[in-house]
Engineer: 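Below is a structure I'd like to ask you about.
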Amino acid sequence: MSKPTPISGFPEWLPPQRMIEQYVVERIRSTFELYGFAPLETRAVEPLDQLLRKGETSKEIYVLRRLQEEGPGGDDALGLHFDLTVPFARFVLENAGKLKFPFRRYQIQKVWRGERPQEGRYREFLQADIDIVDRDTLPAHYEAELPLIIGDALGGLPIPPIRIQVNNRKVCEGFYRGLGLTDPEAALRAIDKLDKIGPDKVAALLAETAGASDAQAKACLALAEIRTDDASFADAVRTLGVSDPLLDEGLAELVEVVETAAEHAPGLCVADLRIARGLDYYTGTVYETQMQGYERFGSICSGGRYDNLATAGTDRFPGVGISIGVTRLLGLLFGAGELSVSRSVPTCVLIALPAEERRRDAGRIAEALRRRGIPTEVSPSAAKYGKQIRYAERRGIPYVWFPGGDGTPDSVKDIRSGDQVDATADAWTPAAEDLRPVVN
RNA sequence: GUGGCUGUAGCUCAGUUGGCAGAGCACCGGGUUGUGGUCCCGGGUGUCGAGGGUUCAAAUCCCUUCAGUCACCCCA
């Protein structure tokens, strides 16, 4: 048996990174709950036809197959979900009778995509998703609320500042329609490449794939160039002289999002009319998020409004959602050495062992500390104290506890400063910042 | 999924026209009959990513494969 090797796209991190991940997830989770989102977990698999229901874009889906299975899977084959929105829409339809609308829920789960991995792109990764759905109609104010929640959740973490770029598909579609373009999808795809390939090549692409004339291509590019952190983008669009009811609707919605953000979280959001992500099921507002200094790695958080995803017969549940790519976020920062944790284990106190016969005494001390919420472990062996201290030092454990005996009291040493004081396990308390590992 | 680049110790990397696998840091043992970090002495800890081929001889040349990374596609 040769040495095991990693599997491409399925990252596994060491305990320090996992501690950071748990810390980040907990911050996100508690923020979501602070805004009233209810927890939900859906199964890892969906019927393939559910997964493919709305996205004509062929996502690379992992299919579930039993080893002993005979013959091909068939229509009811199962696939691993590639996001949390599609399973959620299915769940809403399935449980509509038991849910209260509008329904706010969060979901933090692994998702799987069979794409080629590279830095910040994985085949198995963690998403933290919030969505709000309502029955029949969904007020537009939710679209302004979501970015604020993300700003709050990520703003409290030791990561670079984020910038949420917002657009509205109605603006683009309305504009293209008013312009006389017949294939808005193709136009969006072309415009989306603006940052990457530049205006000249986008213009050529627009002509080629969307059948745009020179003037039309020029107008599309002019629209895409618009980017403001206040409502002035709307005037800039109107200056382009295209009129369409859908365009006006989109502009009004986008103004609402940007103005709300500007009031509650200045600098968080920017209206960026080149953003086209989420081509498949989004129908209105779309979000994309970049970390300052990590722009080239793409979006770490995106989403949008979908009016037709959760629809069955006459039941319609329009929704809006946004999803943080936790694994990408962390993978990029780990790669840059930007996130660290103060120790590699949760342990706050190591109980040193004077002799193996004293292990039970040490155990009693450890129990007393743990009862008061202080993470404690007992030394693995009664090696020389120097070695036991080194055991703690290697792991970043801040305190070593020396059991007394024969009339001498216990004492505890802060091995960073060397300070050592007499202590009793019923009363001693570490500095508050030392109780848990600190992420920074 | 398509194409390019890169894989040598825990980490960063040397390794000549094919000729006995190396350095720094880290780590381990000892000096230090139990309180670490400094200092001194000692130790290379390795399937040269893996498998096959050419050769007297392969880390080095060839093929395949795996992994990482970059571009495309797409996206968290």
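Please read these numbers as outputs of a predicted model, since none were measured by experiment.
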Engineer: Which residues in residues 14-36 of chain A have at least one heavy atom lying under 4.0 Å from any atom of RNA chain B?
Structural biologist: none

Engineer: How does RNA chain B look in dot-bracket form if you count Watson-Crick and G-U pairs under 3.5 Å, write [ ] for pairs that cross, and put | where a base pairs with another strand?
Structural biologist: (((((((..((((.....[..))))((((((.......))))).)...(((((..]....))))))))))))....

Engineer: Quick one: list whatever passes side-chain hydrogen bond (donor to acceptor under 3.5 Å, both in side chains) with A:Asp410, sequence neighbours left out.
Structural biologist: A:Trp401

Engineer: A:Glu119 has an atom CD; how far is it from atom P of B:rC75, in whole Å?
Structural biologist: 20 Å

Engineer: Just the rounded figure in Å: distance from P of B:rC75 to OH of A:Tyr294.
Structural biologist: 25 Å

Engineer: Consider ring pair (Phe, Tyr, Trp, His ring centres under 6.0 Å). Of A:Tyr62, A:Phe88, A:Trp112, A:Phe91, which one does A:His81 pass it with?
Structural biologist: A:Trp112

Engineer: Please measure how far the C1' atom in B:rC27 lies from the corresponding atom in B:rA23, and state the result in whole Å.
Structural biologist: 16 Å

Engineer: Could you list the donor-acceptor pairs under 3.5 angstrom formed between side-chain atoms of residues 289-297 of chain A and any protein atom two or more places apart in sequence or on another chain?
Structural biologist:
from: A:Thr289; atom 1: OG1; to: A:Cys301; atom 2: O; distance (Å): 2.7
from: A:Glu295; atom 1: OE1; to: A:Gly293; atom 2: N; distance (Å): 2.9
from: A:Glu295; atom 1: OE2; to: A:Gly293; atom 2: N; distance (Å): 3.1

Engineer: Write down the distance separating the C1' atoms in B:rU16 and B:rG31, rounded off to the nearest Å.
Structural biologist: 42 Å

Engineer: What side-chain donor-acceptor pairs closer than 3.5 Å can you find for residues 378-392 of chain A, not counting sequence neighbours?
Structural biologist:
from: A:Ser379; atom 1: OG; to: A:Ser381; atom 2: O; distance (Å): 3.1
from: A:Ser379; atom 1: OG; to: A:Gln388; atom 2: OE1; distance (Å): 2.9
from: A:Gln388; atom 1: OE1; to: A:Leu353; atom 2: N; distance (Å): 2.7
from: A:Gln388; atom 1: NE2; to: A:Leu353; atom 2: O; distance (Å): 2.9
from: A:Gln388; atom 1: NE2; to: A:Ala383; atom 2: O; distance (Å): 2.6
from: A:Tyr391; atom 1: OH; to: A:Glu377; atom 2: OE1; distance (Å): 3.0

Engineer: So what does A:Phe82 hit on the nucleic acid, given a heavy-atom distance under 4.0 Å: a base, only sugar-phosphate, or nothing?
Structural biologist: nothing

Engineer: Does a side-chain N or O from A:Ser299 land closer than 4.0 Å to OP1 or OP2 of B:rC75, or not?
Structural biologist: no

Engineer: Which residues in residues 398-413 of chain A have at least one heavy atom lying under 4.0 Å from any atom of RNA chain B?
Structural biologist: A:Phe402, A:Lys413

Engineer: Starting at the 5' end of RNA chain B, which residue's closest nucleotide do you reach first, A:Ile324 or A:Gly114?
Structural biologist: A:Gly114

Engineer: Please write out the pairs of protein N or O atoms and N or O atoms of nucleotides 71-73 of chain B separated by less than 3.5 Å, giving the distance to one decimal.
Structural biologist:
from: B:rA71; atom 1: OP2; to: A:Gln118; atom 2: OE1; distance (Å): 3.2
from: B:rC72; atom 1: OP2; to: A:Lys196; atom 2: NZ; distance (Å): 3.4
from: B:rC73; atom 1: OP1; to: A:Lys193; atom 2: NZ; distance (Å): 2.9
from: B:rC73; atom 1: N4; to: A:Arg121; atom 2: NH1; distance (Å): 2.5

Engineer: Determine the interatomic distance between C1' on B:rG22 and the same-named atom on B:rG15; round to the nearest Å.
Structural biologist: 7 Å

Engineer: So is A:Arg104 actually on top of A:Phe37's ring, under 6.0 Å and inside 45° of the axis?
Structural biologist: yes

Engineer: What's the verdict on salt bridge (charged side-chain N to carboxylate O under 4.0 Å, His left out) for A:Glu356 and A:Arg359, showing C-alpha distance, side-chain angles and the deciding distance?
Structural biologist: CA-CA 5 Å; A:Glu356 193 55 41; A:Arg359 186 168 290 281; 2.5 Å; yes

Engineer: Compare side-chain N and O positions of A:Ser8 against OP1 and OP2 of B:rG68 and report whether any pair is under 4.0 Å apart.
Structural biologist: yes

Engineer: Does anything in residues 417-424 of chain A come within less than 4.0 Å of RNA chain B? Heavy atoms only, and list the residues if so.
Structural biologist: A:Gly418, A:Gln420

Engineer: At 4.0 Å (heavy atoms only), tell me whether A:Gly386 reaches a base, stays on the sugar-phosphate, or touches nothing.
Structural biologist: sugar-phosphate

Engineer: Summarise protein proximity over nucleotides 24-32 of chain B in one line of letters, 5' to 3': B for base, S for sugar-phosphate only, - for none, counting protein heavy atoms closer than 4.0 Å.
Structural biologist: ---SSSSSS

Engineer: Base, sugar-phosphate, or nothing: which does A:Gly9 touch, judged by heavy atoms less than 4.0 Å apart?
Structural biologist: sugar-phosphate

Engineer: Since syn is defined as within 90° of 0, does B:rG34 count as syn or as anti?
Structural biologist: syn

Engineer: Hey, which of these two, A:Pro354 or A:Gly325, hits RNA chain B nearer its 5' end, going by closest nucleotide?
Structural biologist: A:Pro354

Engineer: Side-chain donor-acceptor pairs under 3.5 Å in residues 324-333 of chain A, sequence neighbours left out?
Structural biologist:
from: A:Thr327; atom 1: OG1; to: A:Leu126; atom 2: N; distance (Å): 2.6
from: A:Arg328; atom 1: NE; to: A:Gly120; atom 2: O; distance (Å): 2.6
from: A:Arg328; atom 1: NH1; to: A:Ser299; atom 2: O; distance (Å): 2.7
from: A:Arg328; atom 1: NH2; to: A:Gly120; atom 2: O; distance (Å): 3.3

Engineer: Classify A:Gly120 by what it touches in the nucleic acid, base, sugar-phosphate, or nothing, heavy-atom distance under 4.0 Å.
Structural biologist: base

Engineer: Quickly work out the A:Tyr287 OH to B:rA76 P distance and round it to whole Å.
Structural biologist: 14 Å

Engineer: From OH of A:Tyr106 over to C1' of B:rA76, roughly how many Å is that when rounded to an integer?
Structural biologist: 19 Å

Engineer: If the C1' atom of B:rU8 is compared with that of B:rC13, how far apart are they to the nearest Å?
Structural biologist: 9 Å

Engineer: When we call it a touch if two heavy atoms are under 4.0 Å apart, what does A:Ile300 touch: a base, just sugar-phosphate, or nothing?
Structural biologist: sugar-phosphate

Engineer: How would you list, by chain and number, every residue that makes a side-chain hydrogen bond (donor to acceptor under 3.5 Å, both in side chains) with A:Arg65, sequence neighbours excluded?
Structural biologist: none

Engineer: Aromatic contact between A:Phe334 and A:Trp13, with the criterion being ring centroids under 6.0 Å apart: yes or no?
Structural biologist: yes

Engineer: Under 3.5 Å, which protein N or O atoms sit close to an N or O of nucleotides 43-45 of chain B? Give each pair with its distance.
Structural biologist:
none

Engineer: Do we see A:Phe125 stacking on the base of B:rA76, given a limit of 5.5 Å between centres and 30° between planes?
Structural biologist: yes

Engineer: Indicate yes or no: does A:Asp152 engage A:Arg27 in a salt bridge with an N to O separation below 4.0 Å.
Structural biologist: yes

Engineer: May I ask you to check whether A:Trp428 and A:Tyr399 place their ring centres under 6.0 Å from each other?
Structural biologist: yes

